[in-house]
Amino acid sequence: MIKTSRTKIKTSDRHPSKNLVKSRFLQTLRGETTDRPAIWMMRQAGRYLPEYQKVRSQFTNFMELCQTPEATTELALQPLKRYGFDAAILFSDILTIPYALDMGLNFLPNQGPKIASPIQAPSDVYALPFDEVVEKCDFVYRAVSHLAAELHDTPMLGFAGSPWTLACYMIQGQGASLFPKAKQFAYEHPIATQELIHQLSITTAHYLAEQAKAGADVLFIIDTWGGILDASRYQRYVLEALKIMQHELTHFHGICKPILFYSKGLRLHHQEDLQCIGYQGGLAVDWSHAIGDMQSAFSKHAISGNLDPAILLAGPTTTQYHTQMMLESAQPGSPFIASLGHGILPETPTDSVHAFIDTVKSFYA
Ligand code: CP3
């Protein structure tokens with residue numbers, strides 16, 4: 001019998017007095033009209049910023065940085081100071097959960113994450129200490145409340161990786177383009193995989209609920225790797241997991257904050273399944289479809305996206321041109337948040353970010 005993490009833990013409920021009534025980001029999620037789209041970027045704090053590199057150089061270990069609230073707050077505020085984005089994102093990582101599961105997570109320089117003890121057999125799934133994870137991640141809730149105290153009229157996105165995306169790293173042990181080991185495990189051990197996804201869904205919902213209680217205004221669920229699955233496994237491991245998380249958040253933890261769901265490789269026919277994110281929920285999408293087509297397909301939800309981050313590498317002029325194209329494709333009056341279709345790349349010139357922002361602002365002036 002696998003252990004679960006459904007026991008409620010004690011954290012200090014901190015609800016800083018923020019004035020978010022006029023937040024474009026939250027208004028858009030509610031389907032309200034705003035003067036222009038809210039602007040933000042996935043991975044907006046990070047390696048493309050020289051001021052990030054400066055803070056980063058003070059830590060040898062990335063997880064140690066994630067456990068230092070003064071540093072995580074400073075890093076989350078850096079892109080707001082430089083660009084005036086309309087939302088802040090907690091500075092942390094999706095791999096905090098495997099870290100708290102004691103799988104030996106390390107971030108090696110220029111190699112990305114490496115897990116020393118990945119899942120290799122079904123028995124490894126059943127041995128994972130899920131009941132301890134949410135409490136062990138208390139450094140994340142401390143980072144949320146520390147950041148919340150600094151944000152006055154800017155909403156904060158808390159976040160977590162989707163269960164399938166976490167499972168990819170937990171089985172593969174490191175990043176990969178198609179995660180062949182993770183997929184092999186799913187085909188070979190469907191029962192253990194289902195159990196893993198279920199445990200991760202319950203744990204992640206609890207983890208997000210603690211972030212909400214600590215002051216996160218939006219719960220951002222990041223599914224980077226669902227697109228590599230076939231339709232039946234996408235349904236089971238991505239969409240059903242999302243439904244469990246939404247249900248747990250609302251009915252078990254009593255949290256009613258909006259969910260923003262990022263799916264790389266979202267297929268257009270999942271309107272029904274995605275109703276579960278609720279009327280205040282939003283979808284963050286990649287660049288594989290024009291924004292207007294996504295808005296038609298998912299007309300009940302705000303859409304965030306979707307410029308290909310590689311465009312920014314080509315410089316400000318190219319960025320301006322393609323941002324303009326993206327905005328022309330958006331349906332006037334449909335709730336829309338201007339963003340990228342995936343995380344900003346480390347080599348991105350900062351001028352391209354300015355070009356993106358200026359183009360959005362002048363388009364709606
Ligand atoms: O502003 C922000 O969004 C920063 C917070 C943030 C980080 N990671 C910080 C980070 C967020 C939202 C993430 C999400 C994340 N992490 C994802 C999902 C989004 C995506 O890009 O697909 C994934 C798959 C990870 C796992 C991860 N963490 C990888 C693959 C790596 C190494 C390479 C990379 O992508 O940056 C990390 C390390 C990491 N997480 C860094 C940062 C700033 C770089 C660490 C360093 O400076 O050494």
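Everything quoted here is computed from the prediction, not taken from an experiment. Atoms within each ligand, like the ligands themselves, are counted from 1 in listed order.
The shortest non-hydrogen separation linking Leu90 to Leu147 is CA-CD2, 4.0 Å.
Looking only at protein heavy atoms, the nearest one to atom 47 (O) of ligand 1 is Tyr52 OH, 2.5 Å. Scanning all protein heavy atoms for the shortest distance to atom 27 (C) of ligand 1 gives Asp93 OD1, 3.7 Å.
Against a heavy-atom cut-off of under 4.0 Å, Tyr169 is close to the following atoms of ligand 1: 24 (C), 30 (C). Of all atoms in ligand 1, numbered sequentially from 1 with element shown, those under 4.0 Å from a heavy atom of Thr224 are 18 (C), 19 (C), 20 (C), 22 (O). Atoms of ligand 1 lying under 4.0 Å from at least one heavy atom of Gly112, given by number and element, are 32 (C). Residue Ile89 approaches ligand 1 through these ligand atoms, each under 4.0 Å from one of its heavy atoms: 1 (O), 2 (C), 3 (O), 12 (C). Shown in contact with Pro113 at under 4.0 Å from a heavy atom are these atoms of ligand 1, numbered in order with element: 29 (C), 30 (C), 31 (C), 32 (C). Each of the following atoms of ligand 1 lies closer than 4.0 Å to a heavy atom of Phe107: 28 (N), 37 (C), 38 (C).
A donor and an acceptor atom, one from each side chain of Tyr234 and Ser263, are located under 3.5 Å apart. There is no side-chain donor-acceptor pair under 3.5 Å between Ser201 and Glu248.
The N/O atoms of Thr165, backbone and side chain alike, include none that comes under 3.5 Å of an N/O atom in ligand 1. Polar contact with ligand 1: present for His342 (N/O pair, distance under 3.5 Å). Considering both main-chain and side-chain atoms, Arg56 comes within under 3.5 Å of ligand 1 through a nitrogen or oxygen pair.
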Which pairs of donor and acceptor atoms, one on a side chain in residues 282-290, lie under 3.5 Å apart (sequence neighbours left out)?
| from | atom 1 | to | atom 2 | distance (Å) |
| --- | --- | --- | --- | --- |
| Asp286 | OD1 | Ser288 | N | 2.9 |
| Asp286 | OD1 | Ser288 | OG | 2.6 |
| Asp286 | OD2 | Gly265 | N | 2.8 |

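Annotation: Glu272, atom CD; neighbour count of heavy atoms from other residues, nucleotides and ligands within 6.0 Å does not exceed 12. By the neighbour-count criterion of 12 heavy atoms within 6.0 Å, atom NZ of Lys243 is densely surrounded, having more than that number from other residues, nucleotides or ligands.
Ring centroids of Phe298 and His270 are separated by 6.0 Å or more, keeping the two rings apart.
Of the options Ser92, Gly175, Gly343, Ala45, the smallest heavy-atom separation from atom 5 (C) of ligand 1 is shown by Ser92.
Residues that satisfy the side chain to side chain contact (heavy atoms under 4.5 Å, CB included) test with Ala45, not counting sequence neighbours, are Pro79, Phe91.
Put simply, no part of Tyr262 is less than 4.0 Å from ligand 1, judged by heavy atoms.
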